[in-house]
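Hydrogens, waters and symmetry mates are skipped; everything else that's a heavy atom, side chains included, is used. Note that ligands are numbered from 1 as they come in the structure, with each ligand's atoms numbered from 1 the same way.
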Amino acid sequence: MEKVIEAIQQAAIAIRREIEGVQFDYAKSQNASGEQQLKLDLMSDEIIAHHLAQVPSIKAIASEERSQVQELNPGGAYLIAYDPLDGSSLIDVDLSVGSIFGIYEGAFEGGNLIASVYVVYGPRTELVVAREGVERFILTQGRWIFKESLALGERGKINAPGGTQKGWYPHHKALIQSLFEEGYRLRYSGGMVPDLHQILVKGGGLFSYPGTTDRPQGKLRKLFEVFPFALVFERAGGEAIDDRGRRLLELPCDDLHETTPCFFGSSYEIQRVKTFYQTR
Ligand code: P6P
């Protein structure tokens with residue numbers, strides 16, 4: 001496992017350098033979810049694939065930018081699913097973006113996720129690893145320095161509501177509004193990684209990407225985005241559920257690029273989700 005995390009740390013340093021370049025162009029291709037790909041998306045994907053391919057314990061890798069799983073070492077123990085540069089379109093306006101990694105053992109299933117890693121490319125470059133606990137590292141002069149362990153309190157003050165509001169169902173709109181009426185602050189950049197990182201570092205709140213009339217199964221991908229962050233939030237003392245109150249990590253995953261409505265937060269806010277969604 002240490003070699004996997006070291007490979008991710010090295011890849012993140014290389015991606016940071018590319019982001020600081022001036023590559024803004026879109027490629028001519030789309031990913032498996034039909035989204036236009038930035039050349040940076042493809043470069044980041046190549047960088048990660050190259051570093052992971054050096055690790056003998058990795059059996060296969062799956063990228064949000066590719067339609068198929070890539071076999072590496074038949075005797076390897078780990079399967080890695082990753083989103084190489086989540087929210088990459090935010091780079092045009094100089095907002096933070098991130099990379100997300102799920103480390104699975106035996107199968108690409110939520111129940112087989114044994115660790116997750118994410119990287120935030122912002123004013124600094126930070127990396128968070130969730131195994132038994134949740135550890136935060138900062139990139140300083142080319143080296144990753146441990147800063148702190150992250151933990152969520154009982155509740156927070158941040159409300160990060162995703163999705164097109166025009167498509168929100170009435171019970172979801174009522175949930176979001178009720179938190180604002182309690183004084184929660186709107187903190188939503190459109191980048192899943194910095195938006196969730198902020199809730200973790202500040203110690204609580206709610207991030208929601210619901211099912212909507214235009215996207216009933218939400219937008220965020222189970223294997224590459226949702227499961228890895230579900231593990232982070234649970235190991236930090238919070239919860240991660242879908243629109244039926246089920247643990248996200250218990251959801252089946254029949255297709256590599258499958259999405260799900262998702263809610264990540266400290267326990268008070270997740271209880272509010274359950275209350276508003278049970279009465280829908
Ligand atoms: P919306 C970025 O494209 C992304 O996949 C996530 O990083 C982010 O949380 C979400 O989409 C934002 O989607 O529909 O709220 O703009």
task: Could you list which atoms of ligand 1 come closer than 4.0 Å to a heavy atom of Gly190?
output: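 Contacts of ligand 1 toward Gly190, numbered from 1: 2 (C), 6 (C), 7 (O), 8 (C), 10 (C), 12 (C).
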
- request: Number the atoms of ligand 1 from 1 as they appear, then name those within less than 4.0 Å of a heavy atom of Gly191, with their elements.
  value: 7 (O)

- request: Compare all side-chain heavy atoms of Trp144 with those of Val129 and state whether any distance is below 4.5 angstrom.
  value: no

Polar proximity ligand 1 side, Gly163 side, N/O cut 3.5 Å exclusive: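 Yes: some nitrogen or oxygen of Gly163 is under 3.5 Å from one in ligand 1.
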
- prompt: So is there a nitrogen or oxygen of Tyr209 less than 3.5 Å from a nitrogen or oxygen in ligand 1?
  reply: yes

- prompt: Is the number of heavy atoms from other residues, nucleotides or ligands under 6.0 Å of Arg247 CZ greater than 12?
  reply: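 Yes - once you tally the heavy atoms of other residues, nucleotides and ligands closer than 6.0 Å, there are more than 12.
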
query: Is it the case that more than 12 heavy atoms not belonging to Asp94 sit under 6.0 Å from its CG atom?
result: no

query: Which option out of Arg221, Gln165, Met192 puts a heavy atom nearest to atom 9 (O) of ligand 1?
result: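 Considering heavy atoms of Arg221, Gln165, Met192, the nearest to atom 9 (O) of ligand 1 sits in Met192.
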
query: Can you tell me if Asp86 has a non-hydrogen atom under 4.0 Å from ligand 1?
result: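 Yes, Asp86 has a heavy atom closer than 4.0 Å to ligand 1.
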
query: Mind checking whether His171 and Tyr169 have parallel, tilted or perpendicular rings, split at 30° and 60°?
result: parallel

- prompt: How are the rings of His257 and Phe224 set to each other: parallel, tilted or perpendicular (split at 30° and 60°)?
  reply: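 His257 and Phe224: tilted rings.
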
Shortest protein heavy-atom distance from atom 12 (C) of ligand 1, along with the residue and atom involved: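 Sorting protein heavy atoms by distance from atom 12 (C) of ligand 1 puts Tyr188 OH, 3.3 Å first.
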
- line: When distances are taken from atom 11 (O) of ligand 1, the protein heavy atom at minimum range is Lys219 NZ, 2.9 Å

field: Qualifying residue, where the test is side-chain contact (heavy atoms from CB on, under 4.5 Å) with Glu225 and the options are Asp83, Leu196, Val193, Thr259
entry: Asp83

